[in-house]
K.L.:
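One structure, pasted below without further comment.
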Amino acid sequence: MINGFVDLRSDTVTQPLPEMRKLMEEAEVGDDVLGEDPSINRLQKIAADRMGKEAGLFVPSGTMGNLIAVLCHCRRGEEALMGNLAHTFIYEGGGVSAHGGVLVHTVPNQPNGIIKIEDIQVAIRPEDVHQPVTRMVILENTQNRCGGAVLSAEYTREVGKLAHGHNMLLHIDGARVFNAAAALGVDAKTLVDAADSVTFCLSKGLCAPVGSVLCGSEEFIRSARRLRKALGGGMRQAGILAAAGIYALENMVDRLTEDHKRARSLSEGLSKIPGIIMKDAVPPSNMVFASIDDSIPFSAQQIVERLKSEQVKIGIVGPRQFRMVTHYWFNDEDVDKTINAFKKVI
Ligand SMILES: *Cc1c(COP(=O)(O)O)cnc(C)c1O
């Protein structure tokens, strides 16, 4: 429960824990634009180690992390391949085109989150003065709009090999890469070892109040730091935020399997209600996607309103489709509460 509601709209609604707030209060800080914030430097080092990369850069949001990565990798007029359901394509305000003059070339996401290798192969432009240069490919793990689908290390490496063979770069939007790692029972770094750059989010399932970390080579992060400043993302005594991020990385990663377990319980309960159809028989990570069939006389919007009067908030992702995201603030009792609320309003 958060502020009296079971809030499943996103794992971004998680709040900083009392332990985080205490560490924030005590955080050692300095001017991070000058590279002098010890807490930020520590967070960036821990993050880079977790991703198996040389360096990290704290950024205010995942959107800025992805934007900086694309702007570092592509020149104006070059193109980035990504899924047609990629967060960077749908939910980042068209930033890579607006700020970087980068073309977005979409390739279909399959229901299991992947983009077919042969589809990527076909999308890569030949050497031809008429055509834009295909400079990079972006994968998303977990894939949000595909229901929190999880991409394997083997698949990611295959895409990396294909990209590098064409003088292209691979960026991973790993906003929820720790959820992917938890779902597969592997170290997050094995899921991003083929990537030239990766972003992950501290403020979703890991409960920190603000921020993402962009990781890659020392050289890449040097360019990324310049771009972050140019985009207005240079922060000063931001160690106060990093303190929560460090706590998040050290204490909140290993418990993500609990969120996945509750997503499965929620899904199982909802699947037994007549009229509700689940996207996946078993949710792959911490997201539950459900639709209502024609036997239900309400629109998605009406269902959301009715659930709200039962103190349950969920998201809408289609005319008759919902998204529910489990997180630290959603416990076993809330699972039952949500299922009962659905039974009542439908
Ligand atoms: C949340 C999210 C982001 C970044 O979002 P911000 O709100 O800008 O931090 C990027 N990619 C995916 C897949 C996400 O879910």
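Counting starts at 1 for both ligands and their atoms, in listed order. We number each residue from 1, following the sequence as shown.
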K.L.:
Taking atom 7 (O) of ligand 1 as the reference point, report whether a protein heavy atom occurs under 4.0 Å from it.
P.N.:
no

K.L.:
If I apply the N/O under 3.5 Å rule, does Lys204 come out as touching ligand 1?
P.N.:
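Yes; the residue has a nitrogen or oxygen that sits under 3.5 Å from a nitrogen or oxygen of the ligand.
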
K.L.:
Would you say ligand 1 has an N or O under 3.5 Å from any N or O of Ser212?
P.N.:
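Looking only at distances, the answer is no, because the N/O contact criterion of under 3.5 Å is not met.
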
K.L.:
Heavy atom of Asn66 under 4.0 Å from ligand 1?
P.N.:
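So Asn66 counts as touching ligand 1.
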
K.L.:
Which part of Asp173 is near ligand 1, with near meaning a heavy atom under 4.0 Å away: side chain, backbone, both or neither?
P.N.:
side chain

K.L.:
Does some non-hydrogen atom of Glu92 fall short of 4.0 Å from ligand 1?
P.N.:
yes

K.L.:
Just jot down the ligand 1 atoms closer than 4.0 angstrom to any heavy atom of Asn144, in number order.
P.N.:
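Within the 4.0 Å cut-off of Asn144, ligand 1 contributes 15 (O).
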
K.L.:
Would you call the rings of Phe220 and His73 parallel, tilted or perpendicular, taking 30° and 60° as the class edges?
P.N.:
parallel

K.L.:
Hey, is CD on Glu310 packed in by over 12 heavy atoms from elsewhere, all under 6.0 Å?
P.N.:
yes

K.L.:
Where the side chain of Tyr328 meets the backbone of Asp259, is there a donor-acceptor pair that is under 3.5 Å apart?
P.N.:
no

K.L.:
Looking at ligand 1, does any of its N/O atoms fall within less than 3.5 Å of an N/O of Arg176?
P.N.:
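Yes, Arg176 has an N/O under 3.5 Å of an N/O on ligand 1.
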
K.L.:
Would you say Ala175 and ligand 1 have an N/O pair spaced under 3.5 Å apart?
P.N.:
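N/O-N/O distance under 3.5 Å: no.
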
K.L.:
Under 6.0 Å between ring centres, would you say that holds for Phe200 and Phe178?
P.N.:
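For Phe200 and Phe178, the ring centres are under 6.0 Å apart.
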
